[in-house]
Amino acid sequence: MSKGFDDIPFFDEEPAPRKPAPAANGIAARAMAARDNAKRPDYLSGLNPEQTEAVETLEGPVLVLAGAGTGKTRVLTTRIAHILSTGRAFPSQILAVTFTNKAAREMKERIGVLVGHAVEGMPWLGTFHSIGVKLLRRHAELVGLRSDFTILDTDDVVRLIKQLIQAEGLDDKRWPAKQFAGMIDTWKNKGLDPSQIPEGDARAFANGKGRELYAAYQNRLLTLNACDFGDLLLHPIRMFRANPDVLREYHDKFRYILVDEYQDTNTAQYMWLRLLAQRPQGKSWSQRNPSPTPPHKGEGQVRAADSRSPSQSSEEQASNLDDRNAAARQDSPSPLWGGVGEGKSQGAGDRKPTVNICCVGDDDQSIYGWRGAEVDNILRFEKDFPGAKVIKLERNYRSTEHILGAAAHLIAHNEGRLGKTLFTERTNPDDEKVHVHAAWDSEEEARAIGEEIEQLQRQKHNLNDIAILVRASFQMREFEDRFVTLGLNYRVIGGPRFYERLEIRDAMAYFRLVCQPADDLAFERIVNTPKRGLGDTTVRTLHDYARARDIPMLAAATEIIETDELKPKARKALFDVVTDFRRWQTLLETTPHTELAEQILDESGYTAMWQADKSAEAPGRLENLKELIRSMEAFESMRGFLEHVALVMDAEQNEDMDAVSIMTLHSAKGLEFDTVFLPGWEEGLFPHQRALDEGGRAGLEEERRLAYVGITRAKRRCHIWFVSNRRIHGLWQSTMPSRFLDELPIDHVEVAEQDVSYGGYGRGGYGQSGFDKADPFENSYQTPGWKRAQQHRSEATRDNWGTRSGHAVERIGYGESGPRTRMIEGELVAKSTTSEPSRFNIGDRVFHLKFGNGNIAAIEGNKLTINFDRAGQKRVLEGFVERV
DNA sequence: TAACTCAACATTTTT
DNA sequence: TGTTGAGTTA
């Protein structure tokens, strides 16, 4: 996530680089064709034998076990390029799933480079979630949604659940909404709907009402026409199960399925993949006859960019493929040629195309078990897909022998792995061993690492090539402080996100409500922001009414302002809100969306609210709002923008600045650096006590994998640190070195000799650290002080968007957000006042909570005109009166 | 409704 | 320790 708002990213996937496509029949093109017929395509050169095999084994299920730094992404992208350029499938027939937007983006770019043209025709390359959205928008009605459904983020979800808990009459302190949101998330990761959750789970929450609450939540989402993240996976699964015909459509469509980071798939994702990958016949993969059908037309705009004849596949494949496949090639489509027109798919019909699934992953890098990832998915692959080909990539191109040796020895302590051993062919006697350093305390640790970095800097190393990878984010602070003092540029990766900022979420709520009038959460968020005198009471009234009538709150507001239900002041205020939104909705079609966005923020008084705010962070917030509008420019419409934000919460990093990266081990996965510092290798912190307590042996193994990930991020230098004293929650605790240190192989490790001694600290303060004692860590498992004793470092504080870069300490005022303004939305539900009124007649005697008794004088739809005994004649909604 | 006090709590995080 | 959220007070 980025620093300084100058480089706040534009959010969408940037258009893939466009290169002029050679004229299909030009001379150059012919020459290229000739060349390509004569030898292997360029993109295949430079692959090692295993990689080549992984790229060329196109038929049947393939599992690529790709160790760290073995060219995993390259294999995936080349494989896709290979499929495309040999004409085996149209871009639109390839389903390629990643976990992060970043990975998806990178893959798109790299395929573009390989294939030599923009990959616009790859509509199904994306994250599980973005593909899920795409499916859902097409088939929303099959799961009870409309296609313009909203995607709620965690914050919305929590607020919603809180409402539900209160509506149930439960104490929302005893039963925190956040916790329940977490439970729902866990269930959804496992693909469980309310009826399927374990009885124990159901009973554990809300006095045993867990299941009901979950069900109520799902209902509420449907009413709101909204989805949470989990639903983006679960709804498609439900839809496919309930509609085999639709599923079949996608079976016919997707000829190739590729999955990145397979070790991170959770059960729901696994189910999703199975549905798409497995044919109803239930034959084994190898038996299936692949005879490609002409691709559905109209799925991808394919550019003629390559003059190779796709139907003449490169010869090298012939050696790899069996007859059926050879036959298949004969009538392969020629996607890169074809200027395939748009049109509706005409049945792939009787001939079933093979779907070939290729999963790439590394069981040793599975570090998201706590988030529902099932390593088991990867361990079980061969059983799930009989006849699967398993290809191991063990040739490492990233790290030195020592680094690999250390990592390998460490990870070998895990059981239940598929077992790979990385090796490198580059050996260099000058390579540094992995260094292990001890420091007296965390301050010294930070100081010493700062020293080392300055040293590297003097040796002309780029700061960009240096990273500090910590186990827990509270560790970052010490480094930040130190680097600010030193004037060392750094960037923190991970942490608070742009879109999670208060002002951004408010603004987004306005936009959401304009685009999606049924978005009650958005409505409640902004109805009284800025303050309009529409407080709890008003909103509660509205809420009850809306719930009773089963209509959105904005609609309820529209009705209610026709009546005397509200006090004149509130009524007027609400009237204004409703009118504003009506107007904006009209403008949605006609006004450019950035202009409209600005207009909304101005006319609603939202901008003015911050302008009037005298607090320190107000200017930063206004700046953020400007940035928000600027970032909308990259999108075609407001809707497009909203969708993007919902799915892509992250933002681009400023890569221009030379800075040390500080991040957690988790967010370092997939990255590499010349020099990596790994501080905090102490029992209790790493492995984390909580992982041990909650995960037992499995937890320990996951921690070890995390250590493995950390070490393997390093290309040339890896420095591990531990301290003897660490401050936790303000209290100093003495600590034991991590057991992982002991699991490093001595021949690849160098224990640093007292290399630090700063102003009286350090000097052997750690004693021998137990590092070379006989059995130093014998009892290190229990470190009671650690339990629940972790310093909390709130994300909101660390201002990740402003860069505190040393020399020019440009701390940009991106909301160092003081205490967040309190949300009142949570409180709104309370009890439902409405008893369903039946039909009234003129003359009926009725009672109204506010106005007392009266007689109905007139009826107009659901609005009643009543002559109250005391209050006189009023117009009220029928939901608010009852017969007496 | 803003400003205050007090108590609870404190891995890892994508989408 | 330092942050957050809730409840209280002016």
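In what follows, every chain begins at residue 1, and chains take the letters A, B, ... in the order their sequences are listed.
- Partners of A:D193 by salt bridge (Lys or Arg N to Asp or Glu O under 4.0 Å), not counting sequence neighbours: none found.
- Rounded to a whole Å, the CD atom of A:Q365 is 16 Å from the C1' atom of B:dT12.
- Straight-line distance from the CD atom of A:E702 to the P atom of B:dT12: 14 Å, rounded to whole Å.
- Each of A:G533 and A:G230 lies near DNA chain B, and the nucleotide nearest A:G533 is the one positioned closer to the 5' end.
- In this structure, A:D156 pairs ionically with A:R505, as a charged nitrogen and a carboxylate oxygen lie closer than 4.0 Å.
- In this structure, A:K178 places its NZ atom 10 Å from P of C:dT4, rounding to the nearest Å.
- Spacing between atom CZ of A:R690 and atom P of B:dT13 amounts to 14 Å, rounded to whole angstrom units.
- Listed candidates were B:dT11, B:dT15, C:dT3. Nearest to the side chain of A:E703 is B:dT11.
- The nearest whole Å value for the distance from the CG atom in A:N189 to the P atom in B:dT12 is 18 Å.
- Out of B:dT13, B:dT15, B:dT11, the shortest distance to the side chain of A:T664 is found at B:dT13.
- The nucleotide whose nearest atom lies closest to any side-chain atom of A:K531 is, among B:dT1, B:dT12, B:dT11, B:dT1.
- Residue A:E261 is out of contact with every strand shown, counting any heavy-atom pair closer than 4.0 Å.
- Within the structure, the salt bridge (Lys or Arg N to Asp or Glu O under 4.0 Å) test picks out the following pairs touching residues 225-237 of chain A (sequence neighbours left out): A:K188-A:D228, A:K188-A:D231.
- Evaluation of A:H129 against the base of B:dT15 yields no stacking contact (centre distance < 5.5 Å, interplanar angle < 30° required).
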Worked check of side-chain contact (heavy atoms from CB on, under 4.5 Å) between A:N377 and A:Q263: CA-CA 7 Å; A:N377 291 345; A:Q263 78 282 355; over 6 Å; no

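- A distance below 6.0 Å separates the ring centres of A:H666 and A:W370.
- Stacking of the aromatic ring of A:F128 onto the base of B:dT15 is not found under the criterion of centres within 5.5 Å and planes under 30°.
- Of the side-chain N and O atoms in A:T154, none sit less than 4.0 angstrom from OP1 or OP2 of B:dT15.
- The CZ atom of A:R174 sits 14 Å away from the P atom of B:dC9 (whole-angstrom rounding).
- Remark: C1' of B:dT11 and CH2 of A:W370 are 8 Å apart, rounded to the nearest angstrom.
- Among B:dT12, B:dT15, C:dA6, the nucleotide with an atom closest to any side-chain atom of A:K162 is C:dA6.
- On the C1' atoms, B:dT13 is 22 Å away from C:dG2, given to the nearest whole Å.
- Distance from the side chain of A:R371 is smallest to B:dT14 among B:dT12, B:dT11, B:dT14.
- With B:dT13, C:dT3, B:dT11 as the choices, the nucleotide that has an atom nearest any side-chain atom of A:S667 turns out to be B:dT13.
- Checking the phosphate oxygens (OP1, OP2) of B:dT14, no side-chain nitrogen or oxygen of A:K188 falls inside 4.0 Å.
- At least one side-chain nitrogen or oxygen of A:S473 sits closer than 4.0 Å to the OP1 or OP2 atom of B:dT12.
- Between A:N101 and the phosphate of B:dT15, there is a side-chain N or O to OP1/OP2 separation shorter than 4.0 Å.
- In summary, the side chains of A:Q365 and A:Y708 do not present any donor paired with an acceptor at a separation below 3.5 Å, with no hydrogens or angles considered.
- Considering only the side chain of A:R477, C:dT3 comes nearest among B:dT13, C:dT3, B:dT12.
- Atom CD in A:E694 sits about 11 Å away from atom P in B:dA10, given to the nearest Å.
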